[in-house]
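Owing to the predicted nature of the structure, the values given are computational and were not obtained by experimental measurement.
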Amino acid sequence: MISSLPVLPVIFPMITAAMILLFSEVKTRRLIASASSVVQVAITVMMMLAIQTHQILIMPMGGWAAPFGIMLTVDSLSAIMVLLTSIVSVAVIHYSITEKTEKQEHPLRLPLIFFCIAGITLSFVTGDLFNLFVAFEIMLIASYALLTLEIDRKEISHAYPYLAINIIGSALFLCAAGLTYSLFGSLNFADIAISSTLIMTDPRIVVIAVLFTLVFGMKAGFFPLYYWLPNSYPKLPAPVGALFAALLTKVGIYALLRIFGTMLPHQLWGVYSIILLLAIPTMILGAVGALERQSIREILSFNLISHIGIMMVAIGLFTQESIAALIYYIIHHVLVIASLFLLAGLIEARAGSGDLKKLGNIWKQSPILSFLFLIQALSLAGIPPLSGFWGKWMLISEALGIGAGVFVAIIVITSVLSLWSLLRIITTGFWTSSATTTTDSSNHIISKDMVAITLSLVLLSLLIGLSPNSVIKTARRTSQSLFNQFEYTKKVMEYRSIRTPHYHTPKIIESPIQISPEPIEIQEIEEHQG
Amino acid sequence: MHTITAILVGLLFGCAIYLILQRSFIKLVFGFGLLTHAVNLFILSMSKSPLGKSAPIITPGNLVSVDPLPQALILTAIVIGFGVTAYMITLVYRILKDAHDQ
């Protein structure tokens, strides 16, 4: 069971998606989706528990030996990310199936959400660069389809920048993978880590690192390539928007952590300073953009960008403590931004619009939603003792410790601007008594289930804010294991000489095509080439 | 050989980016097609010169063969490219249908 655990959270959503497509009855589809997302949480919790005892879970696909076969590798960071994915997806799916009356939901939405989750999860558990690319593509194709599935005819042009930038990003990713292969002769993270210690000062490593920063920066929303994000995410249906905002950008951040933490040598200070320099405009412009926008989800999207900037500072400093802060911050941010997008969706459904000029009196109409929104907004801005504070506090104290005071100042300014933009939603949208809001829009129903789902996400994020010690401890341990490249490579390379009994059964030997399970012969070929 | 490949990859990339920047969904489809070709050619050039090497079939006497991995990568990239192209053609069809219905 443990040995096949890494593949389960990937394969399970895929099977679910296929199964949902088989049934035409809405109730059956919803039942499958609901049950499957709950089982997914159970699987990922099991994975998290297995990580506590085994540190790294490895599954050689098809039984091929280490650097040649596909190795799904789950370490502590992957397990945290997969667990977060399953928590957000269970909320998003339940919100989606309780959201509308049965006629309105597009029949392809649920399967596509599951394919998207499969792609996201695969990108967290994969142990090599090429499967990371495949995972990105599964995730992106599903996200393209989700973006254009239910979008209004007049707004379809907003999908263009998203498509264009991701297509170019994928092409560059493939080029970067090709360059990595030609330099290191491998695509496996652990194998590259070993090879890269031999050619640590080679300038080509820097080229590859910069290319990966560009590729994953595009997906995460780094300056100057962020403008597609706030223009496309608010057009999505609320649950899909929450899924995208919480997870898709984090996949970019995770991939950068994996590339810089596990794969490449840890002394690329030039590249880290590029990320630090790009972080400044990302934070400032994200926060300023949020002040200028007029609808709730657009403001949230710009805030998302400014917080990506804060995460970039954590990557750029690249110390063990700053990465620990980043991991805590990711955990906080995924939960808070997902719940804020869901709350925004609820408020939009209640009021009929997300436009601040049209909103009004929300405080009186739905006090619970307004209160939850206020808490999560304060948490996002980083007010103690809510969860957003602790990650920022860890990062700021680390930055002060190593003398990067400029970034502390910018993080504080960003937080203030972020708080201002979020409070603007409360003051102009919730507290004003404009009578233009249509209160009796009968086609916009919000059910108690939707509120309960959102409430549980809010409670979870409150929990990690009010008792942060265990989460901070986990984040520190994860960061420590990420910095211990040797342990990771050693564990993967233990699979260098596996012989699965499968290849020695007479059935295989009798087959007309001679299958060679010996990786040594392939090595010989490479030697002859070189 | 490498110079020609490099120029060709650059040319394909340039045309593809030009098409994608046109802000038309049809041109996006063609731009994407060119882009995948550019990338595939780029990856192919990562496997060293194929001159004097046999196909990557492992037999006792055959030890000098081309590197099969870039080809496997290209094959996967082509399949993914098909998927994306199919999606984009559907999208263009939907946009055209919307325009007709109006």
Side-chain angles (χ1 to χ4, degrees), chain A residues 68 112 115 129-131 133-138 140-145 147-149 151-154 156-157 159-161 163-183 185-187 513-516 518-522 524-530, chain B residues 9 13 16-17 19-25 27-29 31-32 34-49 53-54 56-60 62-70 72-74 76-77 79-81 83-84 86-88 90-91 94-95 97-99 101-102:
Chain A
F68 303 103
L112 282 170
F115 277 125
L129 209 48
F130 195 68
N131 274 293
F133 168 73
V134 174
F136 262 86
E137 286 303 308
I138 295 172
L140 283 175
I141 295 174
S143 78
Y144 300 153
L147 181 62
T148 48
L149 193 67
I151 201 166
D152 193 56
R153 181 159 68 192
K154 287 164 201 142
I156 205 155
S157 62
Y160 195 90
L163 290 178
I165 202 144
N166 279 309
I167 282 167
I168 294 172
S170 302
L172 288 177
F173 188 176
L174 209 48
C175 290
L179 282 174
T180 312
Y181 180 70
S182 77
L183 182 58
S186 177
L187 287 166
I513 306 159
Q514 200 190 345
I515 296 170
S516 165
E518 310 283 325
I520 293 123
E521 290 185 32
I522 302 170
E524 278 173 17
I525 295 165
E526 282 188 344
E527 277 165 20
H528 278 272
Q529 272 187 328
Chain B
V9 169
F13 251 108
I17 301 287
L19 280 171
I20 288 172
L21 290 178
Q22 297 297 302
R23 269 199 93 92
S24 142
F25 279 97
K27 281 175 185 156
L28 184 69
V29 181
F32 176 72
L34 283 182
L35 201 61
T36 45
H37 284 306
V39 174
N40 291 344
L41 198 57
F42 181 79
I43 297 175
L44 194 64
S45 69
M46 291 294 133
S47 62
K48 286 139 197 145
S49 171
K53 290 175 189 166
S54 71
I57 301 165
I58 298 161
T59 50
N62 173 19
L63 287 172
V64 189
S65 63
V66 289
D67 189 355
L69 203 119
L73 297 195
I74 293 169
T76 319
V79 173
I80 290 171
V84 178
Y87 160 75
M88 284 198 293
T90 321
L91 182 66
R94 188 211 139 164
I95 292 167
K97 210 167 146 233
D98 281 351
D101 290 348
Q102 215 161 24

A.B. asks: Which atoms of I151(A) are under 4.5 Å from chain B, going by heavy atoms: the side chain, the backbone, both sets, or neither?
C.D. replies: both
A.B. asks: Where does S24(B) contact chain A at under 4.5 Å (heavy atoms): side chain, backbone, both or neither?
C.D. replies: backbone
A.B. asks: With a 4.5 angstrom heavy-atom cut-off, could you sort out which part of L187(A) is near chain B: side chain, backbone, both or neither?
C.D. replies: side chain
A.B. asks: I'd like to know which of L172(A), I156(A), I141(A) tops the heavy-atom pair count under 4.5 Å against chain B.
C.D. replies: I156(A)
A.B. asks: Decide yes or no for F32(B) and L163(A): does some side-chain heavy atom of the first lie under 4.5 Å from some side-chain heavy atom of the second?
C.D. replies: no
A.B. asks: Answer with side chain, backbone, both or neither: which region of F130(A) has an atom nearer than 4.5 Å to a non-hydrogen atom of chain B?
C.D. replies: side chain
A.B. asks: Pick one of side chain, backbone, both or neither for L73(B), based on which atoms fall under 4.5 Å of a heavy atom in chain A.
C.D. replies: both
A.B. asks: What part of L19(B) gets closer than 4.5 Å to chain A, counting heavy atoms only: side chain, backbone, both or neither?
C.D. replies: backbone
A.B. asks: Between I17(B), L69(B), I43(B), T76(B), which has the largest tally of heavy atom pairs under 4.5 Å with chain A?
C.D. replies: L69(B)
A.B. asks: Where on R94(B) is there a heavy atom nearer than 4.5 Å to chain A: the side chain, the backbone, both, or neither?
C.D. replies: side chain
A.B. asks: Is F42(B) in contact with chain A via its backbone, its side chain, both, or neither, using a 4.5 Å heavy-atom distance?
C.D. replies: side chain
A.B. asks: What pair of heavy atoms forms the shortest contact from I80(B) to F133(A), and how long is it?
C.D. replies: CD1-CE2, 3.7 Å
A.B. asks: Select one option (side chain, backbone, both, neither) describing which atoms of L44(B) are under 4.5 Å from chain A's heavy atoms.
C.D. replies: neither
A.B. asks: Return the CD1 to OG1 distance between I95(B) and T148(A), rounded to the nearest 0.5 Å.
C.D. replies: 8.5 Å
A.B. asks: Do side-chain atoms of Y181(A) reach the backbone of M46(B) as a donor and acceptor pair under 3.5 angstrom?
C.D. replies: no
A.B. asks: For C175(A) and F13(B), work out which heavy atoms get closest and say how close.
C.D. replies: SG-CZ, 3.9 Å
A.B. asks: Which answer fits L91(B), side chain, backbone, both or neither, if we ask what part of it has an atom under 4.5 Å from a heavy atom of chain A?
C.D. replies: side chain
